There are 2 protein chains.
Amino acid sequence: MDAIDLSLVDLLRGNARLSYAELARQVGLSAPAVHERVGKLEAAGVIRAYRAEVDPETIGLSVTALISVVEDSGADTDDVLEAFRAIPEIESCYFMAGVESFLIKVRVATIAELERLIVRVNRTPGVASTRTSIALSTKWENRPQPVAPPS
Amino acid sequence: MDAIDLSLVDLLRGNARLSYAELARQVGLSAPAVHERVGKLEAAGVIRAYRAEVDPETIGLSVTALISVVEDSGADTDDVLEAFRAIPEIESCYFMAGVESFLIKVRVATIAELERLIVRVNRTPGVASTRTSIALSTKWENRPQPVAPPS
DNA sequence: ACAGTCCGTGGACGCCATCGACCTGAGCCT
DNA sequence: AGGCTCAGGTCGATGGCGTCCACGGACTGT
């Protein structure tokens, strides 16, 4: 992970569809060299995936909410996690410090669906209680912070 | 936005680096047709960006925290937002229902940096108080939920 | 000094992106 | 009905790109 790798990571976080030729121009290497570096970054788990970022509203997911989950004392955290993983509406899942073990971010189409989802989460074994906060608007999300000093 | 568009969106959310030729094969159209559809999806704001998803740990951002922000009564929300936007460590920013106007997700290298960041957020004009929760681990993040029925 | 390794370059070749020309079907006007 | 128009597709061509390979220079340990 030298400076060039960091530049490549930054470039691809900004635009994952840049061609290797273009990346090569930006970092001052040849295309095959960049190809190999990016391949190694993927293999090393630095780059996990390339994703199109989609406006949730336009695909009918207008409601974003964050749900804090308190576990039952004696609940098996792994089981709860597994149950959560099976719920596709849970977009992100953090294991937190504090009384509320999990914070999950969910995305659904309507408030009615959110209600059903909350019930479902509350009913999963090991969950003692939940607290839901609704996001009125998403100002921004997953903004990549630059990691390489601008060349 | 017909079924083919939804498939394209799903495919690109799964792998943003798929070639147009490959997308074309998957949806049963020609490459130029797919090229035009994807272009329109971008122009319409459905696809906002293509991003490489990077493991934060590997680029030295080991600490994730969520900070709830309570505004001063009479604070100008837009000013607060603008100030937040200038803080690169704030990766996501939601405007919430409830007493705590904002929920922000931040990513920093160390706990010491988190402390400095919290101080900085607290000091921005319009912010009355904050409440920080540290994510001990990220189970998953930004998992795309499929929107098109699997063909 | 020498061999091995790492990491790059340059060339070659097939595939892909992308443009323009053309085709087809739906909707609409007369 | 017939023909116009337009949206949105296919096809073909071409230039650039991805990717494989052989090769070469800088470091390193012996």
Side-chain angles (χ1 to χ4, degrees), chain A residues 1-62 109 142 144 146-151, chain B residues 1-61 142 144 146-151:
Chain A
M1 276 289 274
D2 59 4
I4 292 184
D5 282 337
L6 289 178
S7 299
L8 289 173
V9 164
D10 269 359
L11 288 165
L12 286 170
R13 286 213 293 178
N15 181 4
R17 278 182 82 81
L18 288 176
S19 68
Y20 291 115
E22 182 58 30
L23 291 170
R25 276 188 286 273
Q26 301 269 343
V27 302
L29 287 183
S30 66
V34 167
H35 187 253
E36 185 173 344
R37 276 175 178 263
V38 172
K40 284 180 183 170
L41 288 170
E42 292 166 3
V46 176
I47 296 176
R48 282 204 287 236
Y50 301 97
R51 301 202 180 287
E53 186 186 301
V54 171
D55 180 356
E57 305 262 345
T58 64
I59 54 171
L61 298 174
S62 327
N142 302 123
V147 68
S151 52
Chain B
M1 275 289 277
D2 60 4
I4 292 183
D5 281 338
L6 289 178
S7 299
L8 289 174
V9 164
D10 268 0
L11 288 165
L12 286 170
R13 286 212 294 175
N15 180 4
R17 280 182 81 81
L18 288 175
S19 68
Y20 291 115
E22 182 58 29
L23 292 169
R25 276 188 287 272
Q26 301 270 342
V27 302
L29 288 182
S30 66
V34 167
H35 187 255
E36 184 171 342
R37 276 174 178 264
V38 172
K40 283 181 182 170
L41 288 170
E42 293 167 2
V46 176
I47 296 177
R48 282 203 287 236
Y50 302 97
R51 300 201 181 287
E53 187 185 303
V54 171
D55 180 356
E57 305 261 346
T58 64
I59 54 172
L61 297 174
N142 302 122
V147 68
S151 52

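For the numbers below, each heavy atom of this structure counts, side chains included, while hydrogens, waters and symmetry mates do not. Only a predicted model underlies this, so the values are computations on that prediction, with no experimental measurement involved. Chain A is the first sequence line, chain B the second, and so forth, proteins listed ahead of strands; every chain is numbered from 1.
Across residues 14-22 of chain B, not one residue has a non-hydrogen atom less than 4.0 Å from an atom of DNA chain D. For DNA chain C, none of the residues of residues 46-53 of chain B falls under the heavy-atom distance limit of 4.0 Å. Taking a 4.0 Å limit (strictly below) on heavy-atom distances, residues 29-44 of chain A reaches DNA chain C at Leu29(A), Ser30(A), Pro32(A), Ala33(A), Arg37(A), Lys40(A).
Arg13(B) meets the side chain to side chain donor-acceptor pair (under 3.5 Å) test with no other residue; sequence neighbours excluded. The salt bridge (Lys or Arg N to Asp or Glu O under 4.0 Å) test applied to Arg48(A) returns Glu53(B), Asp55(B), not counting sequence neighbours. Considering only residues two or more places apart in sequence or on other chains, Arg37(A) meets the salt bridge (Lys or Arg N to Asp or Glu O under 4.0 Å) condition with Asp2(A), Asp5(A). Shown here are the side chain to side chain donor-acceptor pair (under 3.5 Å) partners of Tyr50(B), two or more places apart in sequence or in another chain: Glu42(B). Judged as a side chain to side chain donor-acceptor pair (under 3.5 Å), and not counting sequence neighbours, Asn15(B) has no contacts. Residues forming a side chain to side chain contact (heavy atoms under 4.5 Å, CB included) with Ser19(A) (at least two apart in sequence, or on another chain): Ala21(A), Glu22(A).
Each ring pair (Phe, Tyr, Trp, His ring centres under 6.0 Å) pair with one or both residues in residues 6-29 of chain B, not counting sequence neighbours, appears once here: Tyr20(B)-His35(B). Listed by first and then second residue, the salt bridge (charged side-chain N to carboxylate O under 4.0 Å, His left out) pairs that reach into residues 27-36 of chain A are Glu36(A)-Lys40(A), sequence neighbours excluded.
Under the 3.5 Å distance criterion, the side-chain polar atoms of Asp10(B) are left unmatched by any main-chain donor or acceptor of Pro146(B).
Chain B approaches DNA chain C within less than 4.0 angstrom (heavy atoms of the protein), and the contacting nucleotides run 5' to 3' from dC16(C) to dC19(C).
Between atom CZ of residue Arg51(B) and atom CD1 of residue Ile47(A) there is a gap of 14.0 Å, rounded to the nearest 0.5 Å.
When all heavy atoms are compared, the tightest approach of Val147(A) to Ile59(B) is CG2-O, 3.8 Å.
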Pair Thr58(A)-Leu41(B), side-chain contact (heavy atoms from CB on, under 4.5 Å): steps then yes or no: CA-CA 10 Å; Thr58(A) 64; Leu41(B) 288 170; over 6 Å; no

